[in-house]
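Quick notes on the structure that follows.
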Amino acid sequence: MNLRKEQIQRYRKYLRNIKHLTPKKLVNILRGEWKLRTNSPVMDGIYPYLLFVDLSNACNLKCPLCPTGQGNLIPRENLMSLENYKKVVGPLQDYLYQVFLYNNTEPFLNKDVYEIINFNGASNIGSVVSSNLSLRIDSRRLVESGLEYLIVSGDGVTQEIYEQYRVNGKVQLVIDNVKKIVQEKKAMKS
């Protein structure tokens with residue numbers, strides 16, 4: 001049986017960051033990957049080990065290719081509280097390897113984002129955030145939260161180019177946020 005390229009990439013990722021890999025999580029991942037590999041219909045005892053959770057349904061930008069930016073999602077701002085997040089993730093925490101705290105929205109619009117990342121860390125779950133960083137963030141709290149991966153969604157380094165896709169975004173704010181995060185990481189030796 002040939003391993004697909006994306007499977008190999010996932011395996012490498014798990015092996016590179018074994019910090020969250022407990023025996024229970026490893027067995028669950030192997031069972032899940034075996035199910036994917038064999039197309040087995042059996043789901044008993046297999047729990048999600050990767051989870052995407054949108055912390056809001058809003059964004060501060062109006063990107064032309066994004067369903068949120070185009071207003072194709074429900075036009076109201078809902079933010080997931082830490083309490084509700086715990087209700088979703090808590091029962092799965094023994095099996096979750098990593099949680100992606102984004103989809104088509106801006107996670108830093110949620111004031112509980114730092115506490116949610118802290119909860120993940122305390123639960124031995126990795127956190128990944130993708131952000132446009134085109135809003136004011138608390139770089140100290142972000143670094144202290146224990147976030148493992150930050151994906152910065154940017155489409156240019158000049159305002160003229162950047163705003164073609166990141167409508168209403170400010171490229172200098174993104175650059176300043178990245179600089180502040182790097183400074184905090186260095187100061188905290190994180």
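The structure displayed is predicted, hence computed values, not measured ones.
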Q | Validation row: Ser127, Glu148 side chains within 4.5 angstrom (heavy atoms) | A | no

Q.
Under the side-chain hydrogen bond (donor to acceptor under 3.5 Å, both in side chains) test against Tyr49, which residue among Lys25, Glu33, Gln98 passes?
A. Glu33

Q | Non-hydrogen atoms of Ile29 and Leu21 that approach each other most closely | A | CD1-CD1, 3.7 Å

Q) Rounded to the nearest 0.5 Å, how far apart are CG of Leu150 and CD1 of Ile137? A) 7.0 Å

Q) So, for Ile161 and Gly156, which heavy atoms are closest and what is the spacing to 0.1 Å? A) CG2-CA, 4.0 Å

Q: Identify the two heavy atoms, one from Val167 and one from Pro64, that lie closest to each other, and give their separation to 0.1 Å.
A: CG2-CD, 4.1 Å

Q: Can you establish whether the number of heavy atoms outside Lys179 located under 6.0 Å from its atom NZ is more than 12?
A: no

Q) Distance-only, no hydrogens or angles: does the Asn110 side chain make a donor-acceptor pair with backbone N or O of Met80 under 3.5 Å? A) yes

**Q.** For Leu109 against Asn60, the heavy-atom pair lying closest together
**A.** CD1-N, 3.9 Å

Q. Tyr114 vs Phe108 aromatic rings, parallel, tilted or perpendicular, using cut-offs 30° and 60°?
A. tilted

Q.
How long is the straight-line distance from CD1 of Ile117 back to CG of Leu82, given to the nearest 0.5 Å?
A. 11.5 Å

Q: Look at the side-chain heavy atoms of Ile, Leu, Val, Met, Phe, Trp and Tyr, link any pair under 4.5 Å apart, and say whether Val157 and Ile151 land in one connected group.
A: no

Q) Do Asn120 and Tyr85 touch side chain to side chain, with heavy atoms closer than 4.5 Å? A) yes

Q | Whether Asp54 side chain and Asn103 backbone form a donor-acceptor pair below 3.5 Å | A | yes

Q | Exam field: side chain Glu163 to backbone Thr158, donor-acceptor pair closer than 3.5 Å | A | no

Q. Can you find a pair of side-chain heavy atoms, one from Leu142 and one from Glu184, that are under 4.5 Å apart?
A. no

Q. Transitively linked via ILVMFWY side-chain contacts under 4.5 Å: Val174 with Val182?
A. yes

Q.
With rounding to the nearest 0.5 angstrom, report the NZ to CG distance, Lys170 to Asp176.
A. 13.0 Å

Q. Of Leu133, Leu135, Leu61, Leu55, which is the lone residue that meets side-chain contact (heavy atoms from CB on, under 4.5 Å) with Glu106?
A. Leu135

Q. If every non-hydrogen atom of Ser130 is compared with every non-hydrogen atom of Ser153, which pair is closest and at what distance?
A. OG-OG, 3.2 Å

Q.
With rounding to the nearest 0.5 angstrom, report the CG to NZ distance, Leu79 to Lys111.
A. 7.5 Å

Q.
Could you tell me if the side chain of Leu101 sits less than 4.5 Å from the side chain of Leu147, heavy atoms only?
A. no

Q. Is the shortest distance from a Lys or Arg side-chain nitrogen in Glu115 or Arg141 to a carboxylate oxygen in the other one below 4.0 Å?
A. yes

Q) How long is the gap from CG on Asp112 to OG on Ser56, to the nearest 0.5 Å? A) 11.5 Å

(Q) Quick check: closest heavy atoms across Phe119 and Lys86, and the distance to 0.1 Å? (A) CD1-CE, 3.6 Å

Q | Donor-acceptor under 3.5 Å (Asn28 side chain, Tyr47 main chain) | A | yes

Q) Going from CG on Leu96 to CG on Asn124, what distance comes out if it is rounded to the nearest 0.5 angstrom? A) 10.5 Å

Q: Keeping the roles fixed (side chain from Arg166, backbone from Asn132), state whether a donor-acceptor pair exists under 3.5 Å.
A: no

(Q) When you group the ILVMFWY residues by side-chain heavy-atom contacts below 4.5 Å and let the links chain together, are Val113 and Val152 in the same group? (A) yes

Q | Parallel, tilted or perpendicular, as decided by the 30° and 60° cut-offs, for the rings of Tyr102 and Phe52 | A | perpendicular

(Q) Would you say Tyr95 ends up clustered with Val88 if hydrophobic residues are merged whenever their side chains have heavy atoms under 4.5 Å apart, either directly or through other cluster members? (A) yes

Q) Stepwise, does the side-chain contact (heavy atoms from CB on, under 4.5 Å) test hold for Glu144 with Asn118? A) CA-CA 8 Å; Glu144 288 175 341; Asn118 273 324; over 6 Å; no

(Q) I'd like to know if Leu26 and Tyr97 are part of one continuous hydrophobic network [Ile/Leu/Val/Met/Phe/Trp/Tyr, side-chain heavy atoms within less than 4.5 Å]. (A) yes

